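Hydrogens, waters and symmetry mates play no part in the numbers below; they use all other heavy atoms, side chains included. This is a predicted model, so every value here is computed, not measured. Numbered from 1 within each chain, the chains take letters A, B, ... in sequence-line order.
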There are 8 protein chains.
Amino acid sequence: MIDRAANAEDLHHLLTQVAAGTLSVEHAQQRLMAYEDLGFAKVDYQRADRQGFPEVVWGLGKSAGQIAEILDKLQAQHPIALATRIEPSSFVEIAQRLPLAHYYPLARICAVGKPEPKPGRITLVTAGTTDIPVAEEAAVTAELCGFQVTRLWDVGVSGLHRLLDNRQCLLEAEVLIVAAGMEGALPSVVGGLVSVPVIAVPTSVGYGASFGGVAALLSMLNSCASGLAVVNIDNGFGAAMLAARILNRRSG
Amino acid sequence: MIDRAANAEDLHHLLTQVAAGTLSVEHAQQRLMAYEDLGFAKVDYQRADRQGFPEVVWGLGKSAGQIAEILDKLQAQHPIALATRIEPSSFVEIAQRLPLAHYYPLARICAVGKPEPKPGRITLVTAGTTDIPVAEEAAVTAELCGFQVTRLWDVGVSGLHRLLDNRQCLLEAEVLIVAAGMEGALPSVVGGLVSVPVIAVPTSVGYGASFGGVAALLSMLNSCASGLAVVNIDNGFGAAMLAARILNRRSG
Amino acid sequence: MIDRAANAEDLHHLLTQVAAGTLSVEHAQQRLMAYEDLGFAKVDYQRADRQGFPEVVWGLGKSAGQIAEILDKLQAQHPIALATRIEPSSFVEIAQRLPLAHYYPLARICAVGKPEPKPGRITLVTAGTTDIPVAEEAAVTAELCGFQVTRLWDVGVSGLHRLLDNRQCLLEAEVLIVAAGMEGALPSVVGGLVSVPVIAVPTSVGYGASFGGVAALLSMLNSCASGLAVVNIDNGFGAAMLAARILNRRSG
Amino acid sequence: MIDRAANAEDLHHLLTQVAAGTLSVEHAQQRLMAYEDLGFAKVDYQRADRQGFPEVVWGLGKSAGQIAEILDKLQAQHPIALATRIEPSSFVEIAQRLPLAHYYPLARICAVGKPEPKPGRITLVTAGTTDIPVAEEAAVTAELCGFQVTRLWDVGVSGLHRLLDNRQCLLEAEVLIVAAGMEGALPSVVGGLVSVPVIAVPTSVGYGASFGGVAALLSMLNSCASGLAVVNIDNGFGAAMLAARILNRRSG
Amino acid sequence: MIDRAANAEDLHHLLTQVAAGTLSVEHAQQRLMAYEDLGFAKVDYQRADRQGFPEVVWGLGKSAGQIAEILDKLQAQHPIALATRIEPSSFVEIAQRLPLAHYYPLARICAVGKPEPKPGRITLVTAGTTDIPVAEEAAVTAELCGFQVTRLWDVGVSGLHRLLDNRQCLLEAEVLIVAAGMEGALPSVVGGLVSVPVIAVPTSVGYGASFGGVAALLSMLNSCASGLAVVNIDNGFGAAMLAARILNRRSG
Amino acid sequence: MIDRAANAEDLHHLLTQVAAGTLSVEHAQQRLMAYEDLGFAKVDYQRADRQGFPEVVWGLGKSAGQIAEILDKLQAQHPIALATRIEPSSFVEIAQRLPLAHYYPLARICAVGKPEPKPGRITLVTAGTTDIPVAEEAAVTAELCGFQVTRLWDVGVSGLHRLLDNRQCLLEAEVLIVAAGMEGALPSVVGGLVSVPVIAVPTSVGYGASFGGVAALLSMLNSCASGLAVVNIDNGFGAAMLAARILNRRSG
Amino acid sequence: MIDRAANAEDLHHLLTQVAAGTLSVEHAQQRLMAYEDLGFAKVDYQRADRQGFPEVVWGLGKSAGQIAEILDKLQAQHPIALATRIEPSSFVEIAQRLPLAHYYPLARICAVGKPEPKPGRITLVTAGTTDIPVAEEAAVTAELCGFQVTRLWDVGVSGLHRLLDNRQCLLEAEVLIVAAGMEGALPSVVGGLVSVPVIAVPTSVGYGASFGGVAALLSMLNSCASGLAVVNIDNGFGAAMLAARILNRRSG
Amino acid sequence: MIDRAANAEDLHHLLTQVAAGTLSVEHAQQRLMAYEDLGFAKVDYQRADRQGFPEVVWGLGKSAGQIAEILDKLQAQHPIALATRIEPSSFVEIAQRLPLAHYYPLARICAVGKPEPKPGRITLVTAGTTDIPVAEEAAVTAELCGFQVTRLWDVGVSGLHRLLDNRQCLLEAEVLIVAAGMEGALPSVVGGLVSVPVIAVPTSVGYGASFGGVAALLSMLNSCASGLAVVNIDNGFGAAMLAARILNRRSG
């Protein structure tokens, strides 16, 4: 075990509960386990301690049964358990095993449980309508992390007045997630207008020489607006996790 | 010969001069030649007829001697002869054979003769200071074609107010050439503000994942501002020639 | 609002109508709105003022419902509203909400309303039969912009006489759109024959090392015929919009 | 002008000084200018207001004279002015015009003036010895922004115990910048150990299939440790600016 | 025939059997054939002699009939015959012709016959759950080669304690196969912990800038842990064959 | 018209037939047409004169109706008309309009008419079984050109004795077409063994880092066996046409 | 030894000379050697027998001493020995050891000895002046193989009349080598005009998105003119060797 | 510390020496240190324990002073210390600080000390003369690891008889390292002939579409000869380390 020591207080609280008999030895043992081995997966119970948020199931390439089993384990340890990249058909199967699971179709996220509210707000911006699903993956993840979110859709640079009209919204943001496909110029423009962290999410929206989002990705990596954070193409989830890391600092 | 017929009037004028004895048979013959074979090059004397501007020598990979010899032939047929991508050391050698040649160091262009003024103005814009040499290749080419030019340097999107402050300049343009490296976002923003043709020139300015201008090129090809014209990386010359084709239409 | 000032005359006319009571305050207000926020989209009502043609809906990745709603808003403000990249199945759904919508299957374009005729003609050329759908996207867009079009199909360089036989058609063109896949050589050859602007559209026609149109795109960017305008792979729409920008200059 | 309104307090203070005669009208005017046009550059005086840090000169492709002139203008407006990617030979020339300029050879940074200390510490980590110059660009930038820095060099994953021995240093960090070339695995491993923001900087260290840092860049974009921020290859400066945006939030 | 001489002993044994009448001339002849020509395939009967393991049928792009016919020929010559990349639907057809064929759905392998046990054990490790199918192709191949295998799934670097908890398993390995997608960092970390050969298998697990496994492949080729062996993306079979070559050395 | 003059003899023969009344004016006129315009296609009737073989229809992206109509026109002018890349479902439709059309399913070729035998033999070689469809496209094309063919399948370099056993077949070849996927090594090995032209055809057989045939294509372009001719990935047809050009020389 | 048997006649002749005493045993032995091992190289004496032309030294990456030593060995066995990619400075050193060596600066070829004339002529064409060095590598190689050559320089597609004016030269060719950089369109146009084999040589002439010749290479691989043979970028030597293989067929 | 426990015996021996007074406390302490921090580097003293061979200094991008200092530290702990990628000029500087250092110019390796002989032999093969430097990096590394080596240079597939003549050498090998550039076919051919591990090293030898060794790399990754181990381009050192891991197994 690596990081348990870093949360001496929590650990003390837990052991006190065991001593007081308010927490059974079995439950305490499981909560102290670094991970649990399901054969096809080693569910990481320490991730919340180490990284500030529990392990999230990445749904691509996993069977509905595997996803449901991991979610089941995670929800027993944490207030909320999350899986991303879940197709509707897959959710139907998951819901049979986890009746309390909820599905966010636009974001393709499945969740069990309720987040504890955290201080902080994440502002999400898209260049176009077709970038919304990626931004929604970020927005729903952020909400399920307990943060508040503001959504500002379809303010791409081909109609700059739509963006400038909403400049106040940008200036009031604590941290910004900006999703754009095609030429991916919006994060550069936004980055030039604000002083808070801007997380640029290239989307695979486009065709031809957009190469599935590569054009937007390269735009963002080469932005003339210094200090942008870039994540993988269509990685709304990762953008939200980065925003969460940034907002988590506050209480530090 | 292909296109001579397309200029019946000019041809008639030339032959009338021969008939009148004001043009020698030899000069007339040479002006009617489709091209002249120098061994290492076939100088295209018809290009001005066909494409609206005489052949321009592309200096990369040619010896100074070759460049000088072609320029010499071209200037005998046209009011002005041009060579691009000329290194200073190469110009020194060229000037020994063509004392009237003039050199534009920033644009790396060498020219002999004077252009006939043409109606029309080309407005050139750069995102940054380091994009200026590419834009100057376009500007000098345009001037040597006989057009007037307006230069607007260093108005990239990371400081949007510099661009918006000069919006009037953009709105008054007849045709725009916008050079940008790095993320190449500027042509998209400009394209969204104006209704005239915008020629986007990606430059190789940048490093790392700019891949020698590829990031900017892809940005421009995938612009959400519909109706941009894109040319090759660092191709200021080509941008000017395209602008010339567009402006030439007027007199049509 | 950014550009309204640029059309002082139009604005004066509109306000005069309001003053005269021939235009209601509500309609005037909506026409003066910079954009309208539908939640998933901010419909740009100023684009015609700024760029010379109303916003066009890009259908890829949008639901039929979203497309129909945006078209509905746009047609209320403009004589014609357009959506590209519309699959037949999507059109069926759109037509239920917009019975007056018309579908161009080859071009995959859906339109509501009628264009006002504009002066100018766009000549469209393809290298092969399989390039026609891309060229049709350009042709239908051009027609719906109000321009006249000439179509010249299947004159690729492997049978050069087919092109040369139609040279007169090329020489009479005001602006050319040339679509080619595979090796994409046709725009270079055409560019060498004419003096008007040539817009090169690489198509994804090909296989193997054509890499979905990249071979043709690179050919066109590196053309030895100076002054070609290049657009994205399969971007017939963008080619037409660029041609429109070029032709719009005339009245300037 | 766009953002001046956002700093009402500063503005009030400045005008009070003018009123009191402690600031001349000329100096006040210059400080209120949005930007200054040097011909080859439009120096952005508002960037500190908008983005939290003054414009920084990017040295690549600019002449020493241009760099010196821009630095001179910037230092008149701000406590410190910075230029990155400065070769030693270029600095010699700059120093002749700006005798107070200081050079950081490892970071290739040139600076004039002294930063005002800001609260916050940035922890910098490298995988190997050869990644140090990129990390130093970040470190020196951070120091010149006024932050404190901690350096942890050569703890790459091939000798994991070197990293784990320094885990305490990682756990105490407020924000981490991790530079790695070759396979770029270190940010993923660090990201899995901590909850604060991790900024991953791919370096061009490597050969063959590292493709000048692309291998490391792709590693970082695809990290299984969710919530990494990625910047361009060798972009130590950008990493520092992102860290500064994150730390700046605190005082917000 | 090339290599028969290399197995003088086996050859002598076979001929002795013929002399003794315990092996028919026909069977001996077939076993001595270098290969058998089926028209669409030349089944290589010497591969076991040359490379240590019989030819294995690569199922991609072959019809079920072709696969069955080759397997039938191979099993007549060897104790076991193998085909990889077999879809379930294809196996149904194969099984009609080869009722004794067995199918491993996770590994997508079809086999006829039983392996002869060989000394040696191969340890297989995956970074995540979704890498298991590739690792299973390796594991089943290894088992069908006659080796013993140990499986260690889901110990990727984002939860390093899961890997370090199983360090003993790594230290006891004779040869390691490590499959990882996304950033592909696991083989580098494992390679730094052990002295035995580590075979790195990039998987196509990921999305966006993972480019179908290229990011993981490049990571592994550029590993800072010297002495990794890399195979093609998703090539579990090749990894097992390399491990077999390594283990085969023992008896040499 | 360009090339008709090159076949003075044929032209004289045709006109003699017209004079003699054995060929109607209408048929003669059509045979002398450079091409026929079907709207969606300009069928090139001169290609056989210019290139030695009539135009061949490339089926990808054309409708069955278009293919049938072009084939119908071509067969009226030539002894045989050919279309490649024809899916079985498409052939069913074609056959309804052209009952005499014949289909070669492995080669995906559809033909009408019978070739006139030509002197010369083309030897076709594949590395594996899965390369056969590409080689068959070449083989059937060659046969329909009138040439004889020899097929040598599945002699790839992993079992070199299969190739060397057939060396006599290679040494007797007039021209070789060698198709290989994966690492594409076979043409290099064959090229080192023979003195006749070797046409290397990379196939898309492979997975992962074969990138759809790119690995094989690069292998062949970089062959250490000097004098290989390379064609596009999976381009069996082009390989056959090149072989035909080579064999046609004989009669010259 | 592999191929000696293929030249029974030559072998008989050599042995007859030995028997007659007109060839010493030592010389005969050396001529019958398959190759000679110089340590750093195994000089292949059989290549002329197998491939129709002696081994040619590829100069890139070899020291002048190594090149000279291999040339010395080759010239002892063959009438002519050749080395390509020889820099002038390297030739100076080679000439000190091989005083009879001759240098072709444009082609960067060094040769010792004289070729035996062979029947056949190779026609070489370039698109531009800067493609000449690559074409000269082919031309000089062809001449040193004993063939006659025709050179046609600078007839690229931007001035099509220059090409069409020389159509007779193309129609009379036995085999064509066409070198072109930039968009590489010329081989497609030439391939559409002639029936003989056309060998397309992409050159690295260009900049920006030509990617060192990749644009031209892709153009040629995707040519709509069927039956082109493509070789590596700048590979004039390989083009000549392929032409030689084609012409060698004649005497077969 | 991680792995020290894995070598209980060695540890016991060391402590016994301390107890006996034959090893000073200081020396023992240093030998037990996990690593030593030099500021710019953390020299890994445990690597020999963990991976079977001491840390090797990678010279690219390190100053001569840094290299010398690390070598000095390493040699104090191990019988031999090694640095790769050392330019001659750098060695001169190193030798001033480490007079006992030895330089291998072809391999560009610098070493201090003498290896302890280990059982096992590594056979090295190159396709051409220009691949020798990469192979020498592997050979010298192997020798300095204590292994014996056999060198077989210039047996590429264009002259297959040179390879087959040396087949005995291949069949007797324990482990093979095969270096090839250009099309990289040799490892596939060798892999098909032997049953021992074959380590394929792509080299950057080539030009044009070899893309600095990418063509060879892809060839080797896609080899039809199953069970090849691939390393990075030009990575002779890594190949030797992999061979060492394989041979080390013997004593296990």
With rounding to the nearest 0.5 Å, note down the distance linking [atom1] in [X] to [atom2] in [Y].
X	Y	atom1	atom2	result
F/E69	C/T129	CD	OG1	10.0 Å
C/Y207	F/L60	OH	CG	8.5 Å
F/D37	C/R162	CG	CZ	10.0 Å

Subject >> side-chain contact (heavy atoms from CB on, under 4.5 Å) evaluation trace for F/R47 with C/S158 >> reply: CA-CA 9 Å; F/R47 198 160 297 183; C/S158 67; 3.1 Å; yes

Of the non-hydrogen atoms in [X] and [Y], which two are nearest, and what is the gap between them?
X	Y	result
F/F40	C/D154	O-CB, 4.2 Å
F/R50	C/G159	NH2-CA, 3.4 Å
F/K42	C/W153	NZ-O, 2.6 Å

**OP:** For chain F, find its close neighbours in residues 91-110 of chain C: heavy-atom separation under 4.5 Å, sorted by number, or none.
**Re:** none

**OP:** Using a heavy-atom cutoff of under 4.5 Å, enumerate the residues of residues 209-231 of chain F that contact chain C, numbered in order, or state 'none'.
**Re:** F/V214, F/L217

